[in-house]
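Each remark here refers to the structure printed beneath this line.
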Amino acid sequence: MNYNFREIEAKWQKYWADNQTFKAHNESDKPKYYVLDMFPYPSGAGLHVGHPLGYIASDIYARYKRHKGFNVLHPMGYDSFGLPAEQYAIQTGQHPAITTEVNIKRYREQMDQLGFSFDWSREVRTSDPKYYKWTQWVFIQLFNSWYDKKTDKAEDITDLISIFEKEGNTNVEALCDDDTPAFTAEKWASFSDKTKQEVLLKYRLTYLADAEVNWCPALGTVLANDEVVNGVSERGGHPVIRKKMTQWMMRITAYAQRLLDGLDTIDWPQPLKDSQTNWIGRSEGAHVEFKVQNSNDTIPVFTTRPDTIFGVSFMTLAPEHELVAKITTPGQKEVVDAYVEATAKRSERDRMADVKTISGVFTGGFAEHPFTKEPIPIWIGDYVLASYGTGAVMAVPCGDQRDYDFAKHFNIPIPNIFDGVDISEEAFADKATTIIGNSDFLNGLSYKEATKKIIEELEKIGQGEGKINYRLRDAVFSRQRYWGEPFPVYYVDGMPQMIADEHLPLELPEVEKYLPTETGEPPLGNATVWAWNTETNAVVENEKIDHTSVFPLELNTMPGWAGSSQYFNRYMDSQNSEAIYSQEAIDYWQDVDLYIGGSEHATGHLLYSRFWQKFLFDMGIAPKKEFAKKLINQGMITGTSALIYRVLGFKDKFVSKTFRNKFVHEMDEEVVRKIRNFVQLEQGTLAFQELHVDVSLVNPSNELDIEGLRKWQPEYEKADFLLEDGKYIVGREIEKMSKRWFNVVNPDAICEEYGADSLRLYEMFLGPLEQSKPWNTAGISGVYSFLKKLWKLYTSIDDSEPTADNLKALHKTIKKVEEDIENFSFNTSVSTFMICVNELTAQKCSSNAILEPLAIVISPYAPHIAEELWEKLGHSESISEASFPKFEEKYLVESSKEYPISFNGKMRFKLELPLDMDKNDIEAAVMAHEKTQAQLKGRTPKKVIVVPGKIVNIVG
RNA sequence: GCUCGAGUGGCGGAACUGGUAGACGCGCUGGAUUCAAAAUCCAGUUCCUUUGGAGUGUGGGUUCGAUUCCCACCUCGAGUACCA
């Protein structure tokens with residue numbers, strides 16, 4: 001019987017589903033192991049071949065761990081809130097829930113087809129109210145918490161209130177808004193209820209604030225910093241501007257240091273840790289207060305080089321800085337206003353694009369040097385960012401290149417405060433060799449000594465202190481979208497109130513339109529039943545709002561990362577309706593042992609999740625400070641795009657690849673004539689435009705299906721082609737697999753033709769998991785014929801004694817595959833299987849004692865065929881729990897070795913010698929050999945290196 | 001610019017802590033089988049001036065010996081970007 005993958009794969013997929021083979025139990029005598037994949041957003045396009053790469057790897061690992069006797073948790077779900085479903089809803093009016101449901105169904109079919117060993121009973125969907133109930137619940141817990149620097153953790157807000165009642169806030173060391181006023185217990189008691197709530201908002205871990213946000217007019221929503229790439233939205237590439245809006249914020253900055261420290265405790269890829277480190281952006285320095293002359297105002301500044309304070313010759317404020325208007329003198333008002341206005345108009349993108357242009361204006365105002373009391377001119381300049389530090393810098397042109405350039409440009413003096421350094425050409429910024437001079441009490445000190453000294457002095461005069469600054473900003477948590485988690489929040493007198501836990505979830509209301517309202521409110525503003533009745537604790541019609549018992553609900557929804565920030569814990573007990581998860585469940589599963597996913601989530605999902613995990617840890621409901629011990633980034637599978645070349649200016653004229661050339665003047669006259677003839681253009685410039693066409697229109701020899709193209713899109717209906725050898729040859733380009741490049745390949749066709757086991761093996765065989773690699777199906781026949789050979793090997797099975805060679809082939813394989821899986825080197829395992837099957841076939845092995853363990857070793861990679869072979873071997877239980885064969889060294893012991901004989905490090909011939917031969921005998925045997933003498937040509941070797949069991953090297 | 005990766009045949013890639021460079025697969029070439037094709041099997045396949053040489057992006061270095069370690073540079077990719 002031939003290898004019939006269709007029948008086999010369908011049979012075992014059904015068996016696994018019927019028998020719930022991969023259901024994980026929350027208690028077991030076995031050790032636990034938790035293997036997690038990043039759950040997908042179910043888009044309309046379905047899975048492409050890039051998705052399963054990580055899923056296959058994690059599935060191999062999960063299946064392997066089961067063979068190794070672990071109780072494995074391997075769940076899957078859907079990150080099902082998101083923009084595409086909403087955009088589709090806006091266009092068609094179809095509810096996003098329906099689109100999402102359809103897409104999920106397709107994803108599920110595709111995943112089932114690949115034979116993944118997921119425990120589907122634990123599936124979660126972020127858009128399911130039963131799930132987002134707990135997202136809302138975490139939000140409420142954050143709202144009810146503040147961050148105490150003394151205990152260095154989140155604490156209950158009620159504790160803070162009792163401190164305020166007892167002693168005010170003067171002794172409280174909290175991470176709170178910078179503008180929090182100081183007050184005594186008496187003062188607190190005198191505050192109105194509303195004021196109290198306002199003050200508390202400055203402490204809560206999630207809070208409302210008027211924030212400068214990234215507003216994307218095209219999407220009608222704000223975006224988080226990590227959702228803005230090069231000044232445009234990550235999704236869709238729309239322009240983004242800065243705008244002030246009242247938004248929910250997450251006080252992630254409270255955890256900046258712990259997020260940084262935690263990185264040392266987890267086994268994550270270094271590049272990923274680096275990008276989180278950079279994103280958090282810790283810098284040590286000092287906070288310095290500069291007094292404004294003839295005023296009570298001070299300008300706070302953060303600097304990493306307080307040691308250079310005697311080199312300050314001007315200050316620069318961000319144009320948006322709140323003191324600008326106050327400081328500016330009447331004489332300078334006009335130019336300053338013009339500059340401020342011009343800056344506000346420039347998009348972030350513009351400002352970023354030209355880093356080279358130096359601009360700024362003098363305000364006319366002066367600050368006072370804290371030590372010399374000299375006046376320091378105050379400038380504004382757009383190179384100072386309002387969002388970083390204090391939005392103001394003390395400029396030390398001799399020590400900072402940017403300040404140096406600014407000073408040169410505006411003819412500001414550049415005092416030199418370094419000993420023995422020439423600053424006539426550029427600034428000197430090398431901390432290691434710094435010796436301070438010309439700086440009063442700092443003279444002669446190194447960077448380190450001077451920094452310590454100056455901070456002491458600043459503290460003495462009360463104008464500064466040592467400070468650590470972070471680049472990380474608090475995260476905006478509001479989105480002006482429909483298809484996201486509603487906030488469990490209603491407003492009384494403009495102040496946010498939480499809906500009590502027991503009334504969650506607060507479900508999304510129905511709306512007629514998914515667009516913002518005419519008054520510019522978010523889509524939830526269209527809902528007519530969206531008010532909270534505090535007496536019945538239910539959502540009621542808006543018209544019942546009376547501001548006494550019925551109040552308006554929040555109109556924003558949560559961002560995409562809300563639902564993914566705690567899903568890994570929820571899987572541990574996903575059907576629990578009483579709690580986010582039971583304490584028993586999390587005590588058993590603890591954390592994720594292996595997390596596989598893309599590196600694009602480095603500063604988004606993976607940072608936010610770590611933040612939430614630390615918060616849950618502080619609350620005492622998560623036992624681990626980090627949610628995932630080990631993380632692996634699978635590489636991207638790139639697509640091979642197909643390009644056709646349009647003659648510029650001729651809509652329907654396309655030339656085959658060889659005819660186009662980027663530099664027309666380099667083209668052959670003959671070719672130019674042909675093209676001119678083709679487009680009937682005697683004179684004028686020839687140029688070409690590259691256009692992507694669907695890769696399915698191109699065959700493996702890069703020939704275009706011309707008729708197919710004409711039918712593909714109306715634009716090409718009348719296309720006319722200049723052919724070479726009667727064919728149109730397309731250009732090829734390796735690019736990210738993306739719908740817009742028409743280079744997406746989905747796994748369905750491959751599954752259909754070769755089966756899931758082939759696809760699984762092939763995706764692993766492509767190369768190292770973590771590297772990105774181009775998708776090319778050309779090689780898939782290799783793994784397919786391997787499976788056929790494997791199948792054939794099991795056609796006759798008997799109880800014969802295995803030969804020494806049989807055992808050697810098997811145990812070599814066990815050893816290598818075990819090492820490979822532990823090292824996530826899945827590509828080399830596939831080669832190992834091929835070698836093993838080739839050897840056993842050559843040896844005509846039919847021994848049960850070999851074929852049985854071999855089936856288990858292969859089973860994590862190609863589970864369907866392994867189950868079928870296992871059944872053929874006479875088993876009635878699934879192979880999935882069979883224990884992994886034990887490697888035995890004794891079968892690999894050799895008695896002789898084929899020594900490579902090298903001359904000056906180059907291998908010239910090989911010589912078989914017994915392994916127990918000692919150094920001297922080996923040397924004698926090699927020197928006596930005729931080929932040695934031929935190589936030496938009469939010379940006497942200077943030295944002979946013999947490494948027994950490895951190599952012989954003759955020098956001379 | 002800065003940070004982090006990566007450069008090995010026609011292609012994907014292999015080579016454990018420095019010890020036979022190119023495993024395994026694709027492709028290609030030749031052969032067997034076949035009326036023929038598919039499938040299958042066998043042999044070959046880094047390059048060159050082939051009784052021998054050279055060779056892992058380039059140039060140096062350490063070593064008996066370097067794809068592997070060190071230094072400098074080049075190219076490509078990813079992240080980040082006026083961060084005070």
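So that the names make sense, note that chain A is the first sequence line, chain B the second, and so on, each numbered from 1.
In this structure, of B/U40, B/C24, B/G27, it is B/G27 that holds the atom nearest to the side chain of A/Ser781. For A/Asp382, counting side-chain heavy atoms from C-beta on, the closest listed nucleotide (B/C64, B/A84, B/C82) is B/C82. With B/A84, B/U20, B/G12 as the choices, the nucleotide that has an atom nearest any side-chain atom of A/Val384 turns out to be B/A84. Considering only side-chain atoms of A/Thr303, the nucleotide from B/G19, B/C26, B/A84 that sits closest is B/A84. Listed candidates were B/C64, B/C83, B/A23. Nearest to the side chain of A/Ile835 is B/A23.
Side-chain contact between A/Glu819 and A/Phe887 is absent, with no heavy-atom pair separated by less than 4.5 Å. Between A/Val944 and A/Val926, every side-chain heavy-atom pair lies at or beyond the 4.5 Å cut-off.
Rounded to a whole Å, the NZ atom of A/Lys897 is 8 Å from the P atom of B/U20. The nearest whole Å value for the distance from the NZ atom in A/Lys906 to the P atom in B/C64 is 18 Å. In this structure, CZ of A/Phe909 is placed 19 Å from P of B/U51, rounded to the nearest angstrom. Between A/Glu912 atom CD and B/U20 atom C1' the separation is 14 Å, expressed in whole Å. Distance A/Ile945 CD1 to B/C64 C1': 4 Å, rounded to the nearest Å. The separation between A/Leu607 atom CG and B/U80 atom P is 12 Å, rounded to whole Å. The interatomic distance linking A/Ile309 (CD1) with B/A84 (P) rounds to 16 Å, in whole Å. When the P atom of B/C83 is taken as reference, atom CG of A/Asp400 falls 8 Å away, rounded to whole Å.
Comparing B/A14 with B/U56, their C1' atoms sit 12 Å apart, to the nearest whole Å. With both ends at atom P, the span from B/U58 to B/U75 equals 15 Å, rounded to whole Å. Comparing B/C28 with B/A39, their P atoms are spaced 11 Å from each other, to the whole Å. Between the P atoms of B/C69 and B/U20, the separation comes to 16 Å (whole Å). With C1' as the reference atom, B/U50 and B/C64 are 28 Å apart, rounded to whole Å. The gap from the C1' atom of B/C16 to that of B/A23 amounts to 14 Å, rounded to the nearest Å. Here, B/G12 and B/U62 have their P atoms 35 Å apart, quoted to the whole Å. Taking the P atoms as reference points, B/A54 lies 15 Å from B/G59, given to the whole Å.
Using a 4.0 Å heavy-atom distance criterion, A/Asn469 is classed as making no nucleic acid contact. A/Lys273 comes within contact range of no nucleotide atom at all, as no heavy-atom separation falls under 4.0 Å. When heavy atoms are screened at a 4.0 angstrom cut-off, A/Thr390 is found touching no nucleic acid atom at all. Residue A/Pro768 is in sugar-phosphate contact alone, with no base atom involved, counting any heavy-atom pair closer than 4.0 Å across all strands shown. Nucleic acid contact class of A/Arg282 (heavy atoms, under 4.0 Å, all strands): none. A/Thr828 comes within 4.0 angstrom of sugar-phosphate atoms only, judged by non-hydrogen atoms across all strands, and of no base.
Closest-nucleotide positions on RNA chain B for A/Ser283 and A/Asn953 were compared, and the one nearer the 5' end corresponds to A/Asn953. With the nearest nucleotide of RNA chain B identified for both A/Ser275 and A/Asp403, A/Ser275 has the one nearer the 5' end.
Atom CD of A/Glu425 is surrounded by 12 or fewer heavy atoms from other residues, nucleotides or ligands within 6.0 Å.
Remark: A/Lys788 is in phosphate contact with B/U40, judged by side-chain N or O atoms under 4.0 Å from OP1 or OP2. Proximity of A/Arg471 to the phosphate of B/A81: a side-chain N or O atom is located under 4.0 Å from OP1 or OP2. The phosphate of B/A14 (OP1 or OP2) has a side-chain N or O of A/Asn827 nearer than 4.0 angstrom. Taking only side-chain nitrogens and oxygens, A/Lys943 comes nearer than 4.0 Å to OP1 or OP2 of B/C64. Distances shown here put every side-chain N or O of A/Arg908 at or beyond 4.0 Å from the OP1 or OP2 atom of B/G52.
Ion pair A/Glu912/A/Lys910 not flagged as a salt bridge, since none of the NZ, NE, NH1 or NH2 atoms sits closer than 4.0 Å to an Asp/Glu carboxylate oxygen. Here A/Glu894 pairs with A/Lys808 in a salt bridge; the nearest charged N to carboxylate O distance falls below 4.0 Å.
With its glycosidic angle within 90° of 0, B/G9 is assigned syn.
Ring pair A/Phe826/A/Tyr861 is perpendicular by interplanar angle, where above 60° counts as perpendicular and below 30° as parallel.
In terms of heavy atoms, A/Val384 sits closest to A/Gly391 at CG1-O, 3.5 Å.
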